[in-house]
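The chains referred to below are lettered A, B, ... by the order of the sequence lines, with proteins before strands, and numbering in each begins at 1.
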Amino acid sequence: MNALYIAWKNLVFRPLSSLLTLLLLAIGAGIIFLIITLSSQLEKSFTSNLANTDMVVGAKGSPLQLILSSLYHIDAPTGNIPMAEVLSLKRNPQVKHLSMLALGDNYAGYRIVGTDDQFANFYELKPASGSLWSEPMEVVLGSEAAIQLQLTLADTFYSIHGLDQENDHRHDQSAFRVVGILKPTGTVVDQLILTSLQSIWKVHESHDHEESASSEGQPHVHSEDCEHDHHDHDHEHEEAEVEEDREVTSALVMFKSSLGNVTIPRMVNEQTGMQAALPAIEINRLLSLLGLGSKLLSALAWLLMLVAGLSLFIALYNSIKERRYEMALLRTFGASPFKVLVLLLNEAIILTLAGCVLGFALSRVAMLILIANLPSQSMYQFQILGPQAEEWGIIAASFVLGLVAALLPALRVYKIDVSRTLSGE
Amino acid sequence: MLEARSLQFAYPGQKSILFPDLTLHTEEQGILLGQSGKGKTTFLHMVSGLLKPSQGHVFVNGIELSQLSARELDSFRGEQIGLMFQKPVFAPALSVWENLLLACSFSSKSPDQVYMKDLLSLLNLSGKERRKPQQLSSGEQQRLSLARALAHKPSLILADEPTSALDDENCEKVIHLLKKSCAEASATLLVVTHDQRVKQSFQRSFTL
């Protein structure tokens, strides 16, 4: 009979106390595992979507909102900026690439992004079928959007104004036509519907007549429910309008060198009506805010683990008191104190490892539930991953915790006076 | 074979107890009689190496116990000595069969399972292998205690008051079984007791 089997039998013999310790360990470890996998995957989704973008310019407002809406497509845009200003920025020698975006419409919850041919410098745009857009009203679907919307080449659809699908304002004058579907990129592009800037302007021309237009050239703050059109422009001059009088929502900028990081944002913020936001800085700020929450949660989880360790300590302490006859007996069978100690430690090791495995399984089940409940057009692409390096570290740490918690009471076997214990004193 | 020579033991703050010399040759069966409180268990524990005598020597199979290191003593005991306690003590989490295996787990000899089966049937415990020890009657526990003392084929069996809780009929039975099974196992037997009923069953007897 090996020592692990004996330890296992002893654990099963005291099911309640073993189960309590096991559950405490599993819940504590599970929360820690969940936080680790969630925050690392969240961070990865955020950084993989940075897409070489050094700077985003848009209407004044919250820089974080600008980044979230233009890079991650999860918040409402801050408003509009005049295209003329963007084009003058594009001519700056520090600027390597600049791609303009026109946002604000969706189809069945998937955002339609009007952009120019520069967009391909920021994201990998390889058609899996069809081609990229060339004419107005032609769209290219991100891989995930194509699957979820069940659209194929040559299908047509009408966009809906605003960013959520519940809005009943449908642009039903002009239909979009699918001309291409992109290969998966693992970025937010997979969830988008891409088209030319002209398409977006065209869709909004017709109904601009129905809505009150804001004064020309002045960016207005985009309202929460997106009732207002941010691409509208003075319809009286529509015919005469050249492209440069148009407006866009924002622009992605890539600099020639890191020197641009220093000078351009400042120049934009001080000398133009636009706002410059640096994704790297804003995302760090966001992640550190999220990190604060996850730190608090992990502290709580470690506290739980500590309680689990304490419970292990108490359970073993009491059981050794109760089992000292048995321990003395083992000594008469020729077991050295060290062998009896190992026997007791095995119980703690089995519990701790089982707790870790159970906790790991719990964290993955929680992830499955999370994935199942996440809207499909979300930019977060969570996966069920095997144990990561950091998680192996946690397993090792809880192993040590269990061992220490068990070692203190188990060392008492060295103090058992075999003769006295057996003679019933 | 067992030899105890001029043993003394002193509990802290008490007068030394002097023990009589005692010699049992291989396969001999003897009895040590003494009133309660005279140090019977103390003697037994000294002889089995669980307690260090303050004076004197114990030889088991020609080896002096005090010459062995703590570790050597542990494994020597595990291989050569089978103990039967006054109060039956078992590992409650393990079955009857596993308790027998446990007694052999710490010696270098591998357990002889056929022999252990025979022991159980000799002691009328066949069919109870999967029970827990605490589910047995006290008579059965006593017999299991004996089976366990013999399970690893020790050369010396030391029994502490094996009959004190038994009526005359069962007393005779247990002593008969004890003698018979030790003879079959070719083990030397020393019974330590205050029970005068047992005296006539042994040729060699010593008194404290």
Side-chain angles (χ1 to χ4, degrees), chain A residues 1-19 21 315-316 318-348 350-351 410-411 413-425, chain B residues 9 11 37 39-52 69-95 97-109 111 132-134 145 148-149 151-152 154 158 160-161:
Chain A
M1 252 187 330
N2 67 41
L4 276 177
Y5 177 78
I6 298 171
W8 166 249
K9 278 288 190 178
N10 275 315
L11 287 175
V12 176
F13 187 64
R14 297 171 182 79
L16 283 182
S17 115
S18 303
L19 205 66
T21 310
L316 217 56
N318 282 335
S319 94
I320 285 171
K321 231 171 159 180
E322 179 188 305
R323 284 158 68 185
R324 59 183 203 287
Y325 277 104
E326 204 185 318
M327 305 288 131
L329 192 69
L330 292 176
R331 296 296 314 283
T332 69
F333 295 157
S336 62
F338 179 71
K339 279 188 178 160
V340 182
L341 179 81
V342 168
L343 216 59
L344 289 171
L345 290 185
N346 275 339
E347 292 181 26
I350 291 175
L351 269 185
L411 279 173
V413 299
Y414 280 97
K415 289 195 175 162
I416 291 179
D417 184 328
V418 183
S419 167
R420 277 198 173 196
T421 306
L422 288 173
S423 49
E425 276 177 45
Chain B
F9 189 82
Y11 282 103
K40 293 190 299 290
T41 302
T42 305
F43 182 78
L44 204 76
H45 286 174
M46 282 192 298
V47 165
S48 57
L50 292 174
L51 210 57
K52 234 187 164 70
S69 70
R71 172 168 275 188
E72 286 168 336
L73 192 58
D74 279 332
S75 57
F76 182 79
R77 185 168 53 235
E79 276 167 31
Q80 302 293 336
I81 301 175
L83 278 161
M84 233 186 122
F85 306 104
Q86 207 166 343
K87 195 160 47 156
V89 184
F90 301 100
L94 301 178
S95 69
W97 182 251
E98 289 164 345
N99 263 281
L100 288 188
L101 283 173
L102 187 65
C104 312
S105 299
F106 302 97
S107 82
S108 53
K109 293 188 268 184
K132 290 279 161 66
Q134 57 273 30
S145 192
R148 190 182 55 194
H152 59 295
L158 300 168
D160 191 0
E161 300 274 20

field: Heavy-atom check, side chain of A:Phe333 versus side chain of B:Arg148, under 4.5 Å
entry: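 The answer is yes; the side chains approach within 4.5 Å.
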Using 0.5 Å steps for rounding, measure from the [atom1] atom of [X] to the [atom2] atom of [Y].
X: B:Glu98; Y: A:Tyr5; atom1: CD; atom2: OH; value: 3.5 Å
X: B:Leu101; Y: A:Ile6; atom1: CG; atom2: CD1; value: 9.0 Å
X: B:Leu83; Y: A:Leu329; atom1: CG; atom2: CG; value: 9.0 Å

- prompt: Got a sec, which residues hit side chain to side chain donor-acceptor pair (under 3.5 Å) with A:Ser17, two or more places apart in sequence or on another chain?
  reply: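 For A:Ser17, no residue satisfies side chain to side chain donor-acceptor pair (under 3.5 Å) once neighbours in sequence are set aside.
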- request: Sort out for me which of A:Asn2, A:Asn10, A:Thr332 touches chain B most, counting heavy-atom pairs under 4.5 Å.
  value: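 Looking at each option in turn, the highest pair count goes to A:Thr332.
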Derivation and outcome, side chain to side chain contact (heavy atoms under 4.5 Å, CB included), residues B:Asp74 and A:Arg331: CA-CA 7 Å; B:Asp74 279 332; A:Arg331 296 296 314 283; 3.1 Å; yes
Non-hydrogen atoms of chain A under 4.5 Å away: do they reach the side chain of [X], the backbone, both or neither?
X: B:Pro111; answer: neither
X: B:Phe90; answer: backbone
X: B:Leu102; answer: both

- request: Among B:Glu79, B:His152, B:Arg71, B:Arg77, single out the residue with the greatest number of heavy-atom pairs under 4.5 Å to chain A.
  value: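 Most pairs with chain A among the choices: B:Arg77.
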- prompt: Within a radius of less than 6.0 Å around CH2 of B:Trp97, do more than 12 heavy atoms belonging to other residues, nucleotides or ligands occur?
  reply: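 More than 12 heavy atoms, drawn from other residues, nucleotides or ligands, come within 6.0 Å of this atom.
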Report, one line per pair, each donor and acceptor closer than 3.5 Å where one atom sits in a side chain of residues 41-49 of chain B; sequence neighbours left out.
unit_1, atom_1, unit_2, atom_2, d
B:Thr41, OG1, B:Asp160, OD2, 3.1
B:Thr42, OG1, B:Tyr11, OH, 2.8
B:His45, ND1, A:Ser419, OG, 2.6
B:Ser48, OG, B:Leu44, O, 3.0
B:Ser48, OG, B:His45, O, 3.2

- prompt: Checking A:Lys9 against chain B: side chain, backbone, both or neither under 4.5 Å from a heavy atom?
  reply: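 Both the backbone and the side chain of A:Lys9 come within 4.5 Å of chain B.
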Closest non-hydrogen atom pair between B:Phe106 and A:Ala335, with its separation: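 Heavy atoms of B:Phe106 and A:Ala335 come nearest at CD2-CB, 3.4 Å.
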